[in-house]
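Before any comments, here is the structure.
Lettering of chains follows the sequences in order, A, B, ..., and the numbering in each one begins at 1. Every value quoted in this text rests on a predicted model; they were computed, and no experiment measured them.
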Protein chains: 2
Amino acid sequence: MTMRDIPPVVVGRLPLYLRTLCYAQQEGLTTISSHELGRRLSISAAQIRKDLSMFGEFGKQGTGYPVAALIRQLRRILHVDRVWDMALVGVGALGRALLAYQGFAKRGFRIALAFDNDPHKIGQRVGPFVVQDVARLERALQEADIRLGVIATPASAAQAIAERMVQAGVQGLLSYAPIHLQLPEHIQVEYIDPVIYLQRMTFYLGAVDQGAAAEALAEATPCGQD
Amino acid sequence: MTMRDIPPVVVGRLPLYLRTLCYAQQEGLTTISSHELGRRLSISAAQIRKDLSMFGEFGKQGTGYPVAALIRQLRRILHVDRVWDMALVGVGALGRALLAYQGFAKRGFRIALAFDNDPHKIGQRVGPFVVQDVARLERALQEADIRLGVIATPASAAQAIAERMVQAGVQGLLSYAPIHLQLPEHIQVEYIDPVIYLQRMTFYLGAVDQGAAAEALAEATPCGQD
DNA sequence: TAGATTGTTAATCGATTAACAATC
DNA sequence: TAGATTGTTAATCGATTAACAATC
């Protein structure tokens, strides 16, 4: 179990199961069926059973899965039965929101270091953090043994920052910069670009009353990214 | 073309093609091959050609795709050859970062209205915005004919807000709340929960030196979400 | 012309679903 | 016991890749 030959699409669902199980636990459920878990996630019960069965036999016929035990198992499988320290680069509006976000600590993550290259920001306090000079990135990451990075820089800076973090030993990157990073294969990378998600939706939304559409037409929207 | 029977996975890649083509255009390229586009996105050339061929014949043998024309086509296909007004609910740290984000306007989106339920925030100016009372949500959305919503509330408020927005005519929702929303099938929903992405990465990161791991162990990480 | 690259087909690969025996 | 639900198999469904004729 916890093999590395699990289909990536299955790995992608495990955190959703964990999150949903946590809510169920807070509601007082001690047991949950694949059907109920699937209902809460709009995923089929068969899929959930198949996914979980890749890691062991966690359920019991007739009653379903024990919530607390399954949470423990998933946290072990996902390696969030510990706290992961992260380094944040880019203390703009988004970076500050991430520094303030309480949801990381509650689910196994903690921003330990924050960097920027703006002399006005370096040394500044942001909540419990002091913004570090990005020039110190490599040294600070190695000293703190950081393995996860969060990129909240402009797109134009992201590739170079990513390479430096990888050089300093980072193995996973969560990038909010709207650009695809070129990195060694063994590096885990996940992207969050809200515009990508919005455009996936507008594909399906289609036709609009032409009053609103005319208001700001085709060439009014430049291609600019950054 | 622009049919609704395009595989969702293909629709999901189109915005990536558009974004990458825009960068290529900024670099001065007038033409790009499927191979080069694929290289920049870590996607196979065959896949890109197959995806694009579902909407028409945009390329030319021997030379590739004309960048400007393909950008125009993709913007038309994705319906971002216009500006989409959006309503934001939840003006916390994340909401403020979204209100300040310049990347929306540059790529076809604009936050037109911002709502909160905190009396201290209502009426407050945030950049060019005045925070509205969420009690006015339905009326304001209908008046402004808003079809896209962004949820940046705590998870506990998200489902109710989503239902109210849908009631007011919203057809697509981008939710930053870490919870799966139960909504009618015809509503488009996309989710951004950074912890989900982080946990997908830590699955692969695995073993850690036990000094760091011991520092904050299993039961130190509660399940709490909100 | 020769080299490059598209659009498309067929083959391969992978993921989801349906169904059910086992069993709590 | 009877009803519910798991784990697993086989069948279905969908997505990706390889290959190549067409052609710029």
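Between chain A and DNA chain C, the heavy-atom contact criterion of under 4.0 Å yields a 5' to 3' nucleotide range of C/dA15 to C/dC24.
Take the nearest nucleotide of DNA chain D for B/Pro7 and for A/Lys60: the residue whose nucleotide is more 5' is A/Lys60. A residue-by-residue look at A/Val10 and A/Gln61 shows that A/Val10 has its nearest nucleotide of DNA chain C further toward the 5' end.
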Inset, instruction - Evaluate salt bridge (charged side-chain N to carboxylate O under 4.0 Å, His left out) for A/Asp51 paired with A/Arg13, printing each intermediate quantity in order. - result: CA-CA 8 Å; A/Asp51 286 353; A/Arg13 283 189 292 261; 2.6 Å; yes
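In this structure, the side chain of A/Gln159 engages the main chain of A/Gln182 through a donor-acceptor pair within 3.5 Å. Proximity of a side-chain donor or acceptor of B/Arg147 to a complementary backbone N or O of B/Val170 within less than 3.5 Å is not detected. No side-chain donor-acceptor contact under 3.5 Å links B/His35 to the backbone of B/Ala45.
Taking a 4.0 Å limit (strictly below) on heavy-atom distances, residues 29-39 of chain B reaches DNA chain C at B/Ser33, B/Ser34.
Looking only at side-chain heavy atoms (C-beta outward), A/Glu138 and A/Arg164 come within less than 4.5 Å of each other. Counting heavy atoms from C-beta on, the side chains of A/Thr202 and B/Trp84 come closer than 4.5 Å. Looking only at side-chain heavy atoms (C-beta outward), A/Pro184 and A/Ile187 come within less than 4.5 Å of each other.
Nucleotide D/dT23: paired with C/dA4 (Watson-Crick or G-U wobble, both distances less than 3.5 Å). Base pairing analysis places C/dC13 opposite D/dG14; the two distances defining the Watson-Crick or G-U wobble pair are each below 3.5 Å.
A/Thr20 and A/Arg40 are not linked by any side-chain donor-acceptor pair at a separation below 3.5 angstrom, with hydrogens and angles left out of the test.
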